[in-house]
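One structure is given here, and the rest of the page talks about it.
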Number of protein chains: 2
Amino acid sequence: MQSESEQSSVVLGLQRAAHRTVHALGEALTHLGLTAAEINALANLADDRQRTVAELSAAVGAKSSTLTGILDRLERRDLVRRQPHPTDRRAFLVVLTEPGGRAADEIWRAITDLEHRLLAGLPATTLTGFRTVLNAVSTEDTR
Amino acid sequence: MQSESEQSSVVLGLQRAAHRTVHALGEALTHLGLTAAEINALANLADDRQRTVAELSAAVGAKSSTLTGILDRLERRDLVRRQPHPTDRRAFLVVLTEPGGRAADEIWRAITDLEHRLLAGLPATTLTGFRTVLNAVSTEDTR
DNA sequence: TATTGTTATACTCTATAACTATA
DNA sequence: TATAGTTATAGAGTATAACAATA
């Protein structure tokens with residue numbers, strides 16, 4: 001049933017699936033005019049609404065120097081703001097603006113919708129297994 | 001047990017896990033001096049050893065115009081070659097050269113090693129569930 | 001007419017290293 | 001001395017549109 005490919009590698013499959021979801025998300029959110037990295041950053045701000053650059057950097061898996069450009073563009077569009085950190089004057093708190101919060105909410109809705117569509121009909125135990133592996137991969141020390 | 005984060009979103013978790021494996025793979029293969037996209041392309045050539053540009057494009061999830069640059073660099077380093085397609089004179093067959101084949105084999109070994117390390121100790125049923133979801137995500141029509 | 005792949009263009013992402021300002 | 005973040009730099013990925021050759 002799987003045509004000719006065994007979809008043998010978990011790593012390659014992971015790559016492909018991630019690519020797929022990024023594309024799908026981008027398409028669902030074209031009207032926002034955001035890149036994948038920008039969507040990712042906003043999605044990661046959506047919950048607690050604020051992070052230092054270093055925290056966000058760890059969350060999205062990019063160097064802080066990379067984040068600088070992404071945040072510049074988001075800030076220019078008034079979706080985030082860089083606030084002085086209350087206790088560390090070297091650091092910034094990246095916070096969602098009001099329109100940024102709306103965008104982040106919409107991103108979350110799109111993510112949730114996508115997940116429902118992708119995972120509909122799969123048994124709960126299968127999903128649990130999936131999350132378990134996902135956590136193992138994200139958490140494990142790969143060295 | 002999962003600290004504070006429920007790792008709530010499958011999509012975001014997928015992103016993070018994919019990022020993780022790309023990094024880990026890159027580190028395991030630094031001596032090859034290849035980028036993630038180049039590794040991905042070679043990995044996708046590793047099995048049948050040849051693909052048209054369009055096929056490879058679908059496999060790696062990039063536009064053919066993107067692939068042009070990647071293939072240019074791989075060809076310049078004598079890792080792949082563009083051969084005339086036997087029956088369609090518009091198309092090219094991307095084939096591994098002999099050193100390219102060695103690189104691809106090494107990439108496969110690295111991928112396999114990584115998978116063993118990441119997935120060691122997880123029950124088989126969990127892994128089966130994981131692959132099922134991965135296939136669903138990669139295959140499903142996301143529109 | 002439609003398709004294969006390249007070219008041209010314009011941005012975005014990416015990492016590294018050097019730098020400023022704090023700590 | 002070490003850390004947070006930016007800047008400078010340079011390369012690589014990305015998509016779109018236009019194009020040539022072929023189907």
Do NZ/NE/NH1/NH2 and the carboxylate oxygens of B:Arg81 and B:Glu75 come within less than 4.0 Å? no

Looking at C:dA15, I'd like to know if its phosphate oxygens (OP1 or OP2) sit under 4.0 Å from a side-chain N or O belonging to A:Thr66. yes

So for A:Ser65 and C:dT16, does any side-chain atom that can act as donor or acceptor lie under 3.5 Å from a complementary atom in the base? yes

Atom NE2 of A:His85 to atom C1' of C:dT22: distance rounded to whole Å? 13 Å

Taking 4.0 Å as the cut-off, does a side-chain nitrogen or oxygen of A:Arg90 come that near to OP1 or OP2 on C:dA21? no

Tell me: CD of A:Glu75 to C1' of D:dT6, nearest whole Å? 13 Å

Indicate, with a heavy-atom threshold strictly under 4.0 Å, whether B:Ser57 touches base, sugar-phosphate, or nothing. nothing

Using a cut-off of less than 4.0 Å, is there contact between a side-chain N or O of A:Arg82 and OP1 or OP2 of D:dT6? yes

Are the charged groups of A:Arg102 and A:Glu106 less than 4.0 angstrom apart, N to O? no

B:His31 atom NE2, over 12 foreign heavy atoms within 6.0 Å: yes

Per nearest nucleotide of DNA chain C, the residue lying toward the 5' end, B:Leu67 or B:His19, is B:Leu67

Expressed in angstrom and rounded to an integer, what is the separation of B:Phe92 atom CZ from D:dA23 atom C1'? 15 Å

Can a side chain N or O of A:Thr35 be found less than 4.0 Å away from OP1 or OP2 on C:dC13? yes

B:Asp88 CG to C:dT6 P, straight-line distance once rounded to whole Å: 13 Å

5' priority, DNA chain C, between A:Arg73 and A:Arg89 [closest heavy atom]: A:Arg73

Give the rounded distance in Å between these two atoms: NZ of A:Lys63 and C1' of C:dA18. 17 Å

Using modelled atom types only, decide if a donor and an acceptor are shared between the side chain of B:Ser57 and the backbone of B:Ala62 within a distance under 3.5 Å. yes

Nearest-nucleotide wise, let me know which of B:Gly61 and B:Thr87 is further upstream toward the 5' end of DNA chain D. B:Gly61

Specify the separation, in whole Å, of atom CG of A:Asp72 and atom P of D:dG5. 14 Å

Specify the separation, in whole Å, of atom CG of B:Leu71 and atom C1' of C:dT4. 13 Å

Is the shortest distance from a Lys or Arg side-chain nitrogen in B:Asp72 or B:Arg82 to a carboxylate oxygen in the other one below 4.0 Å? yes

For B:Ile70, report the nucleic acid contact type (base, sugar-phosphate, nothing); a contact means any heavy atom under 4.0 Å. sugar-phosphate

How would you label the contact of B:Ala62 with the nucleic acid (heavy atoms, under 4.0 Å): base, sugar-phosphate, or nothing? sugar-phosphate

Considering only side-chain heavy atoms of A:Ala91, which listed nucleotide, D:dA15, C:dT4, D:dA4, is closest? D:dA4

Distance in angstrom units between A:Leu56 CG and C:dC13 P, rounded: 13 Å

